[in-house]
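Structure record follows, encoded as structure tokens.
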Number of protein chains: 2
Amino acid sequence: MQNISEEKCKLVEELGLNFEEKHNLPPLAGRIYAFMILSNVEGHSFEDIIEITCASKSSVSTNLNLLVQLKFIEYFTKTGDRKRYFRTTKNYLRITLEEYLESIEKELNLVKKVNSFNKEHNPEKFKKNKNLGIIFQDYLTSQKENLETTIQKMIAFKNEFDQL
Amino acid sequence: MQNISEEKCKLVEELGLNFEEKHNLPPLAGRIYAFMILSNVEGHSFEDIIEITCASKSSVSTNLNLLVQLKFIEYFTKTGDRKRYFRTTKNYLRITLEEYLESIEKELNLVKKVNSFNKEHNPEKFKKNKNLGIIFQDYLTSQKENLETTIQKMIAFKNEFDQL
DNA sequence: GTATTGGTTCGGAAACCACCGAACCAATTA
DNA sequence: TAATTGGTTCGGTGGTTTCCGAACCAATAC
């Protein structure tokens with residue numbers, strides 16, 4: 001990563017790692033995305049990204065296409081220029097939240113299943129831990145609601161400024 | 001998985017997969033843990049688990065020890081019996097929540113870092129997305145608070161019944 | 001036509017991981 | 001003493017992931 005401040009470089013690594021695990025991305029994809037989040041420029045060319053990440057053409061190609069496919073980034077072109085320019089999609093925060101929502105819903109569902117299974121098959125155990133199970137279920141429900149209202153807020157903000 | 005109902009078997013797979021990804025456990029560990037969550041019996045022997053999971057001694061050994069080390073499960077012994085008996089720790093739900101809390105705190109920290117980085121280095125971009133950034137930060141803060149109060153509730157419940 | 005540019009695709013190398021079986025060890029039983 | 005039981009450790013194997021370089025392709029430039 002030449003030509004980038006030490007600080008930015010470090011933050012790219014840290015943030016990249018985070019994307020990697022939260023969204024299940026390959027390391028390089030995480031770093032590319034992190035770099036873009038932290039960048040001012042509106043469009044990064046394929047070459048830019050090769051240089052910045054010190055990765056091979058093929059790897060960059062693969063990972064850029066992956067990020068596009070997952071709608072983390074998008075590309076645009078300039079007339080009279082064959083290059084593609086990449087930028088983060090405007091709604092990446094909402095995508096993140098929607099992913100979280102899906103994950104929470106899945107877990108909530110599973111917890112309900114487990115609770116009802118234990119209620120039926122292991123009644124003693126269920127009674128003993130009933131309150132805990134309910135607390136946990138309430139927790140998930142509350143997280144879910146918070147997510148939903150946040151997503152609504154973001155959509156409202158988008159409608160206001162049409163720039164989400 | 002002999003001697004186990006179809007229903008339980010399916011739920012073990014599903015729940016095991018969930019533990020696998022949420023807690024970063026090897027598949028076998030996830031399944032062992034899931035099986036214990038869904039079980040009435042107070043202690044499962046090493047042999048039981050081999051039979052139930054259809055895995056090798058060595059794999060079961062490794063994964064049981066892993067689960068013990070991570071405090072998902074614990075073991076006890078019976079006098080005049082060399083075997084070890086395994087059961088879920090009473091506070092597994094709290095452990096789960098505390099893991100989530102740690103993860104949220106890490107992410108919140110990162111988001112703050114990113115926001116302040118962009119505020120300083122990419123002021124235009126920051127202004128444009130300021131509200132979104134704040135909404136997201138608020139969301140994380142709220143999730144964190146919800147987690148904290150839930151953990152408190154669980155601790156209160158534990159104190160009341162001393163069975164967490 | 002040929003050369004260059006921008007990017008994709010393919011085959012393989014290196015690293016990692018989960019799991020297994022065999023050998024092993026330590027405690028008990030005979 | 002030898003045999004059994006309960007469990008651990010080690011070496012290796014199959015499978016997966018990530019990345020690379022080389023070959024390739026399509027569009028433009030000369």
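Each chain gets a letter, A, B and so on, in the order the sequences are listed, and its residues count up from 1.
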Item to complete: Check whether NZ of the Lys or CZ of the Arg B:K83 lies under 6.0 Å from the centre of the six-membered ring of B:F46 and within 45 degrees of that ring's axis.
Response: no
Worksheet item: Does anything in residues 16-27 of chain B reach DNA chain C, meaning a heavy atom under 4.0 Å, and if so which residues?
Response: B:P26, B:P27
Practice prompt. Quickly work out the A:D48 CG to C:dT5 P distance and round it to whole Å.
Written response: 16 Å
Discussion item. If we ignore hydrogens and angles and just use 3.5 Å, is the side chain of A:T62 paired with the main-chain N or O of A:S58 as donor and acceptor?
Written reply: yes
Discussion item. Test of understanding: clusters of I, L, V, M, F, W, Y form through side-chain heavy atoms closer than 4.5 Å, transitively. Do A:F136 and A:F126 belong to the same one?
Written reply: no
What protein N or O atoms touch nucleotides 3-6 of chain D N or O atoms at under 3.5 angstrom, if any, and at what distances?
| unit_1 | atom_1 | unit_2 | atom_2 | d |
| --- | --- | --- | --- | --- |
| D:dT5 | O2 | B:R82 | NH1 | 2.8 |
| D:dT5 | O2 | B:R82 | NH2 | 2.9 |

Item to complete: Begin with the C-alpha distance, continue with both residues' side-chain angles, and end with the deciding distance and a verdict on salt bridge (charged side-chain N to carboxylate O under 4.0 Å, His left out) for B:E21 and A:K106.
Response: CA-CA 12 Å; B:E21 54 181 51; A:K106 221 173 112 192; 3.7 Å; yes
Discussion item. For C:dA18 and B:N63 - does any side-chain N or O of the residue sit under 4.0 Å from the phosphate oxygens OP1/OP2?
Written reply: no
Worksheet item: Does a salt bridge link A:K22 with B:E107, judged by any charged N lying under 4.0 Å from a carboxylate O?
Response: yes
Worksheet item: Is the shortest distance from a Lys or Arg side-chain nitrogen in A:E6 or A:K10 to a carboxylate oxygen in the other one below 4.0 Å?
Response: no
Worksheet entry | Whole-Å gap separating C1' (D:dT17) and CG (A:L28) | 13 Å
Practice prompt. Working to the nearest 0.5 Å, report the span between CD of A:E42 and CD of B:E124.
Written response: 10.0 Å
Discussion item. Using ring centroids (six-membered ring only for Trp), state whether A:H23 and A:Y33 fall under 6.0 Å.
Written reply: no
Worksheet item: Is it the case that more than 12 heavy atoms not belonging to B:F117 sit under 6.0 Å from its CZ atom?
Response: yes
Discussion item. Distance criterion of 3.5 Å, no angle test: do you see the side chain of B:S56 paired donor-to-acceptor with the base of C:dG21?
Written reply: no
Worksheet item: Does A:S58 place a side-chain N or O at less than 4.0 Å from the phosphate oxygens OP1/OP2 of D:dC20?
Response: no
Item to complete: Could you tell me the separation between the CD atom of A:E51 and the C1' atom of C:dG7, rounded to a whole number of Å?
Response: 17 Å
Worksheet item: Starting at the 5' end of DNA chain C, which residue's closest nucleotide do you reach first, B:S59 or A:T62?
Response: A:T62
Fill in: Length of the CD1-C1' vector between B:I32 and D:dG7, whole Å
14 Å
Item to complete: I would like to know whether B:K113 and A:E14 meet salt bridge (charged side-chain N to carboxylate O under 4.0 Å, His left out); could you show each step before the answer?
Response: CA-CA 10 Å; B:K113 262 196 210 173; A:E14 200 180 345; 2.9 Å; yes
Could you pull out the protein-nucleic contacts involving nucleotides 14-16 of chain C (nitrogen or oxygen on both sides, under 3.5 Å)?
none

Worksheet item: Between the base of D:dG7 and the side chain of B:S61, is there any donor-acceptor pair under 3.5 Å?
Response: no
Worksheet item: Is B:I151 close to B:E98 at the side-chain level, that is, under 4.5 Å between some pair of heavy atoms?
Response: yes
